[in-house]
A.B. asks: 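Sharing a structure, written as C-alpha cells. Questions coming.
Residue numbers count from 1 along this sequence. Model, not experiment: these values are computed from the prediction.
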Amino acid sequence: KNQLINNPKPYAILDLGSNSFHCWIAEVHQNTLKTIAHQRQAIRLRDVIDENGQLDATKKPQIISCLTSFSDMLSHYELAAVRVVGTQPF
C-alpha cells in the first residue's frame, strides 16, 4: 500500500491533459491530500495536433502563457516535490 509522506511542505501536481491543464498545490494531512491552490486552463490540445503529432504553432503562446502562470503560482510555495503527468502528445 502506497502511503503519502507526511511533510510540512506542500506538493505540486501538474496535469497536462488533452483538454485542459491543471496545477494543484496540496498538503498532506492524515495520509490524504488537501488542495490549497488550484489553477485550470482549457487548452484543447486534441484539436490542434496534426496527423504527424505536431502541435499547431498558433497554440504555443497559449501553452507558454499557461505554464508561466503555473510557474508564478508555484514560486509562492516552498515545495517538497513537483510531479508532472501529461497526455499522449507529450
Side-chain angles (χ1 to χ4, degrees):
K1 178 180 175 183
N2 289 335
Q3 292 189 342
L4 296 169
I5 297 172
N6 285 315
N7 192 317
K9 296 178 185 178
Y11 293 85
I13 303 100
L14 280 73
D15 174 8
L16 309 179
S18 60
N19 192 42
S20 59
F21 287 6
H22 295 262
C23 179
W24 285 277
I25 298 175
E27 295 175 328
V28 177
H29 290 282
Q30 299 177 352
N31 206 36
T32 61
L33 290 173
K34 178 183 177 198
T35 300
I36 58 174
H38 176 244
Q39 285 186 15
R40 175 192 179 275
Q41 185 167 345
I43 299 293
R44 302 200 188 344
L45 280 181
R46 66 174 178 241
D47 297 337
V48 294
I49 302 291
D50 68 20
E51 62 278 352
N52 297 319
Q54 297 298 309
L55 177 66
D56 182 336
T58 62
K59 202 64 156 174
K60 288 180 183 178
Q62 182 186 10
I63 292 169
I64 291 169
S65 175
C66 175
L67 295 175
T68 299
S69 177
F70 288 177
S71 176
D72 291 343
M73 183 175 76
L74 296 175
S75 72
H76 294 283
Y77 297 89
E78 187 176 341
L79 300 166
V82 177
R83 297 291 180 253
V84 180
V85 295
T87 191
Q88 195 202 338
F90 294 109

A.B. asks: Determine the minimum heavy-atom distance between A42 and S20, stating which atoms define it.
C.D. replies: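 Taking A42 first and S20 second, the nearest heavy atoms are CA-CB, 3.9 Å.
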A.B. asks: Has T68 got a side-chain atom pairing as donor or acceptor with I64's backbone, closer than 3.5 angstrom?
C.D. replies: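 Answer holds: yes.
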A.B. asks: Does some side-chain heavy atom of I36 sit less than 4.5 Å from a side-chain heavy atom of Y77?
C.D. replies: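 A side-chain contact under 4.5 Å exists here.
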A.B. asks: Please step through side chain to side chain donor-acceptor pair (under 3.5 Å) for the pair Q41 and S69, ending with a clear verdict.
C.D. replies: CA-CA 10 Å; Q41 185 167 345; S69 177; 6.0 Å; no
A.B. asks: Give a yes or no on whether a salt bridge exists between K34 and E27, defined as a side-chain N under 4.0 angstrom from a carboxylate O.
C.D. replies: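 Answer for the salt bridge query: no.
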A.B. asks: Identify whether F70 and I43 are in the same connected component of the hydrophobic contact network (ILVMFWY, side-chain heavy atoms under 4.5 Å).
C.D. replies: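 They do share one cluster, since a chain of ILVMFWY contacts under 4.5 Å joins F70 to I43.
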A.B. asks: What's the separation between atom CG in L67 and atom CZ in F21, rounded to the nearest 0.5 Å?
C.D. replies: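 If we round to the nearest 0.5 Å, L67:CG and F21:CZ are 6.0 Å apart.
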A.B. asks: Could you report the tightest heavy-atom contact between R44 and K59, atom names first, then the distance?
C.D. replies: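 For R44 and K59, the tightest heavy-atom pair comes out as O-CE, 4.4 Å.
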A.B. asks: Is any side-chain heavy atom of L79 closer than 4.5 Å to one of I25?
C.D. replies: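 Result yes, sub-4.5 Å side-chain heavy-atom pair found.
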A.B. asks: If you measure from CD on Q39 to CG on D72, what distance do you get to the nearest 0.5 Å?
C.D. replies: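 Reported value, rounded in 0.5 Å steps: 8.0 Å.
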A.B. asks: Would you say L16 and L45 make side-chain contact, with heavy atoms under 4.5 Å?
C.D. replies: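 They are not in contact (no side-chain heavy atoms under 4.5 Å apart), so the answer is no.
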A.B. asks: When you measure from the side chain of D56 to the backbone of T58, do you find a donor-acceptor pair of N or O atoms at a distance under 3.5 Å?
C.D. replies: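 Here the side-chain-to-backbone pair exists.
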A.B. asks: If you compare all heavy atoms of E78 against all heavy atoms of P10, which two are closest, and at what distance to 0.1 Å?
C.D. replies: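 Looking at all heavy atoms of both residues, the shortest contact is O-CD, 3.3 Å.
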A.B. asks: Starting from V82, can I reach W24 by hopping between I/L/V/M/F/W/Y residues whose side chains sit under 4.5 Å apart?
C.D. replies: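 No.
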A.B. asks: Does a side-chain heavy-atom distance below 4.5 Å link L55 with I49?
C.D. replies: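 Result yes, sub-4.5 Å side-chain heavy-atom pair found.
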A.B. asks: Please report the C-alpha distance between L14 and V85 in whole Å, then the side-chain angles of each, then the deciding distance to 0.1 Å, and finally whether the side chain to side chain contact (heavy atoms under 4.5 Å, CB included) criterion is met.
C.D. replies: CA-CA 6 Å; L14 280 73; V85 295; over 6 Å; no
